[in-house]
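Just below is one structure, and these are the notes that go with it.
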Number of protein chains: 2
Amino acid sequence: MQLEKIVNYHKALADPTRLRILLLLSEGEMNGQALAEKLNISQPTVTHHAAKLREAALITERREKNTVYFAQNRYFIQQHAEASLKFIFKEGGKEMSEPENAQTKSAVIRNFFAKDGRLRQIPAQYKKKLIALEHLVEQLEPGRKYSEKEINEFIKQFHEDFATIRREFIMHQFMYREDGIYELNPREQWTHWENVK
Amino acid sequence: MQLEKIVNYHKALADPTRLRILLLLSEGEMNGQALAEKLNISQPTVTHHAAKLREAALITERREKNTVYFAQNRYFIQQHAEASLKFIFKEGGKEMSEPENAQTKSAVIRNFFAKDGRLRQIPAQYKKKLIALEHLVEQLEPGRKYSEKEINEFIKQFHEDFATIRREFIMHQFMYREDGIYELNPREQWTHWENVK
DNA sequence: CAACTAATTAGATGTTTATCTAATTTGATG
DNA sequence: CATCAAATTAGATAAACATCTAATTAGTTG
């Protein structure tokens, strides 16, 4: 449900300790112990808050040996802030209808992809960008594990800026990365399916 | 303290009932009883939540006879959302130095405004947008009250999308609106002066 | 002022949650 | 496999909070 998500976003930010964690992370990633020390709290407390922040998708984690590095997920922080305002101001009611949606989709693909299938440019507008990204990931094999090099090669077929696009794949949850291995996420996790449902 | 304010903002929004109140108010003002009925909660509960929302300046109240009408305070809701993101992303620390600032400013004006004074396009980048907006509002008379129509006419001299720009004027605290009457805010309230101080 | 209506305050109750210490798990490394 | 380091889980405690009913206040109107 829409409402619940927004509540959780604000709950996540409605605590001074968590805000201070995010503030520290604005300078770069940090591991649990470092946070505990900086904030003068116990490690379990950090774990507790990290869990809340993770649930709301406000941070990302990266495991190296046995230490976990936390980082801001700027993208989702911003995304949720926006969604929240839209909700309160009720600018969410007037969504595209399904057919209109499908129409937009093919229009975007026509406009942004060349005949040979290459992506002319990355759309700046949010929804269009998602459509373009989706069009790309649909050409990956579900379940297959890709190395970073393979992903780069794949993207380069369509666009020279593979680094940006690879990052967007992760950011919008089209793919999941662990230890340099990339894998397609199930469709239900793709970012804009949230919007549509 | 900065932190505390932001926490309170998110606490205010971190409750489903309060969000639903705001949602109802997005359609216009409402009194306590009506809210209680719509939401299926007791009147004291409404009072309780109204107090929280009022503390965070997210609603305004108007008393008529013995009934109190609540309304969204869209302006502050947006303002706090913005402040919150700025805080988390720490866009308060690394400011431009004054001379650099002045230089950037005239460069932005040169680039975004045509010879005849019209705004070619609204800058997408945050700081540049602020500079452009400031340049516009500087041409309004301090202390004078403008009707919405007058504001629209004023903006149309510079750019066709008066609705967006009018909204930005409010959003960034260049102007204050009440009952359709617009007035310039004192310079100290303009958004980016916060950053500079 | 009596009666009415809407709102607020008081006080009670149950739930959520931030934090701690102690115990356990995870992963790496001698 | 024993040890070490970092993180997590379990469990306890205290504070914060959402909600209710009952009592009170504020304001209006016959």
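Keep in mind that the numbers below use all heavy atoms, side chains included, and drop hydrogens, waters and symmetry copies. It should be emphasised that the depicted structure is a prediction, and the values quoted were computed from it without experimental measurement. Order of the sequence lines sets the chain letters (A, B, ...), proteins ahead of strands, with each chain counted from 1.
- Of the residues in residues 45-53 of chain B, B:Thr45, B:His48, B:His49, B:Lys52 come within less than 4.0 Å of DNA chain D through at least one heavy atom, sorted by number.
- Closest approach to the A:Pro44 side chain among C:dT17, D:dA10, D:dT21 is made by D:dA10 (side chain taken as heavy atoms from C-beta onward).
- With sequence neighbours excluded, the residues forming a side chain to side chain contact (heavy atoms under 4.5 Å, CB included) with B:Asp161 are B:His159, B:Ala163, B:Thr164, listed by chain and number.
- Within the structure, the side-chain hydrogen bond (donor to acceptor under 3.5 Å, both in side chains) test picks out the following pairs touching residues 19-28 of chain A (sequence neighbours left out): A:Glu27-B:Lys90.
- Residue pairs meeting the salt bridge (charged side-chain N to carboxylate O under 4.0 Å, His left out) criterion with at least one member in residues 60-70 of chain B, sequence neighbours excluded: B:Glu29-B:Arg62, B:Arg54-B:Glu61, B:Arg62-B:Glu64.
- Distance NE2 (A:His10) to P (D:dA18): 15 Å, rounded to an integer number of Å.
- Residues forming a ring pair (Phe, Tyr, Trp, His ring centres under 6.0 Å) with B:His135 (at least two apart in sequence, or on another chain): B:Phe113.
- Rounding to whole angstrom units, CD1 of residue A:Ile41 and P of D:dT8 are separated by 13 Å.
- Listed by chain and residue number, nothing satisfies the salt bridge (charged side-chain N to carboxylate O under 4.0 Å, His left out) test with B:Glu55 (two or more places apart in sequence, or in another chain).
- Residues that satisfy the side chain to side chain contact (heavy atoms under 4.5 Å, CB included) test with B:Glu148, not counting sequence neighbours, are B:Asn152, B:Arg166, B:Tyr182.
- Within residues 13-39 of chain A, the residues approaching DNA chain D are A:Asn31, A:Gly32, A:Gln33, by heavy-atom distance under 4.0 Å.
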Side chain to side chain contact (heavy atoms under 4.5 Å, CB included) evaluation trace for A:Leu58 with B:Ile88 = CA-CA 11 Å; A:Leu58 305 188; B:Ile88 294 172; over 6 Å; no

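- Summarising the geometry, the separation between NZ on A:Lys11 and C1' on D:dA18 is reported as 11 Å, rounded to the nearest angstrom.
- Between B:Leu133 and B:Ile122 the shortest side-chain heavy-atom distance does not fall below 4.5 Å.
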Throw together a table of side-chain donor-acceptor distances under 3.5 angstrom for residues 31-43 of chain A, partners on residues two or more places apart or in other chains.
residue, atom, partner, partner atom, Å
A:Asn31, OD1, A:Ala34, N, 3.1
A:Ser42, OG, A:Thr45, N, 3.4
A:Ser42, OG, A:Thr45, OG1, 2.9

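- Between B:Glu61 atom CD and C:dA6 atom P there is a gap of 17 Å when expressed in whole angstrom units.
- Between A:Ser42 and the phosphate of C:dT19, there is no side-chain N or O to OP1/OP2 separation shorter than 4.0 Å.
- Residue pairs meeting the salt bridge (charged side-chain N to carboxylate O under 4.0 Å, His left out) criterion with at least one member in residues 6-19 of chain B, sequence neighbours excluded, do not occur.
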Per-nucleotide protein contact string for nucleotides 24-30 of chain D (B base, S sugar-phosphate only, - none; heavy atom under 4.0 Å) = ---BSS-

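- The distance from atom CZ of A:Arg62 to atom C1' of C:dT26 is 17 Å, rounded to the nearest whole Å.
- For A:Phe158, the side chain to side chain contact (heavy atoms under 4.5 Å, CB included) test picks out A:Leu136, A:Gln139, A:Phe154, with sequence neighbours left out.
- B:Gln43 has its CD atom 15 Å from the P atom of D:dA22, to the nearest Å.
- Here C:dA7 presents its P atom at 12 Å from CD1 of B:Ile59, a figure rounded to the nearest Å.
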